[in-house]
Amino acid sequence: MRIALAQLSTSIDKAANLKKAIQYIGKAKGLGADFVVLPEYYMALATPKTGVLPAEVAEPLDGPFVSALKEAAQVNEIYVVCGMFESSTNDDGRAYNTTVFIDRSGQLLHSYQKTHLYDAFSYKESDTIIPGDNQYKVVETEFGKIGLMVCYELRFPEIARQFALQEADVLLVPAGWIAGPMKEDHWQTLIRARAIENTMFVCGANLVGENFTGRSMVVDPMGVIIASGGEEETIIMADMNLERILRVREKLPSVRNRKPEFYREGER
């Protein structure tokens, strides 16, 4: 399985962002990728700093942004994962922070509305985003079982563990990891921790540009960084041999060795 992480900057211009996304989907295919992952809320940089609200740029899942991604996935015969803002029928002025998972035939396999919002480090995502209440479920592909979580959710090990208990092979993490003291270190450490404790590949595709850390990376089930990027726009390629998972889990059966009977019911 060859994966491409499109480490990109984004802007308030949806049309320009979409054009760049389609270009990078084509680049990923040209490099032989089976999957391309774009960052969290790549559709538009709708943040308090830009003065644009997520609800102002949000679209339904059958809107023009996702429709164009589906077409690009079909034309290039590649899986596409990308962050966007999904419109809501409620009237509180908020939207969903949604990631779409499109297969190589252009079908929307899965959409995930971020459940754990970034209300931390003096930021309050819940002011403009509605928390999702969707279940964490693996997506079945011919390359194995894929889990999906978003950015801040790396800080919640129980989310990744739910995917491990569903025998996920790969965890994809689109992100807009905001820069700050210790933040880059947290990003790298948490990706490696989620890979090691669950013995799975973890792939973090992060934004770059003002306020974002970059450093997108692919980590193997033993915690080895097999590909990573810096602070600039780039496409990061990695080959993931799923037999590596079997070998690691044979040596380190930590998920299989867990003892749920010692946990409270709500923590299993």
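Counting from 1, the numbers follow the sequence of the chain as shown.
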For M222 against R244, the heavy-atom pair lying closest together: CB-NH2, 3.4 Å

Partner set under ring pair (Phe, Tyr, Trp, His ring centres under 6.0 Å) for Y136, not counting sequence neighbours: none

Side-chain (R215) to main-chain (G229) donor-acceptor, under 3.5 angstrom: yes

Enclosure of K137 NZ (heavy-atom neighbours >12, cutoff 6.0 Å): no

T50 side chain to T47 backbone, donor-acceptor under 3.5 Å: yes

Set of ring pair (Phe, Tyr, Trp, His ring centres under 6.0 Å) partners for H116, sequence neighbours left out: F156

S216 side chain vs Q7 backbone, donor-acceptor pair below 3.5 Å: no

Qualifying residues under salt bridge (charged side-chain N to carboxylate O under 4.0 Å, His left out), relative to E233, sequence neighbours excluded: K20

Heavy-atom neighbours of K183 NZ exceed 12 at 6.0 Å: yes

Polar contact flag, side-chain donor to acceptor under 3.5 angstrom, T213-N206: yes

Test item: Y79 and I146 side chains (from C-beta on) under 4.5 Å apart, heavy atoms: no

Backbone of A160 reached by a side-chain donor or acceptor of E153 within 3.5 Å: no

E167 atom CD, neighbour heavy-atom count above 12 within 6.0 Å: no

Heavy-atom pair with the smallest gap, counting every atom of A55 and G93: CB-O, 3.2 Å

Donor-acceptor side-chain pairing of N17 and S11 below 3.5 angstrom: yes

Sequence neighbours excluded - side chain to side chain donor-acceptor pair (under 3.5 Å) pairs with any residue from residues 245-256: T199-R249

Salt bridge (charged side-chain N to carboxylate O under 4.0 Å, His left out) partners of D239, counting only residues at least two apart: R2

Qualifying ring-ring contact (aromatic ring centres under 6.0 Å, His included) pairs, either residue in residues 36-69, two or more places apart: Y41-F85

Polar side chain donor-acceptor pair, Y152 to E40, under 3.5 angstrom: no

Least distance between heavy atoms, E59 atom then M84 atom: O-CE, 3.7 Å

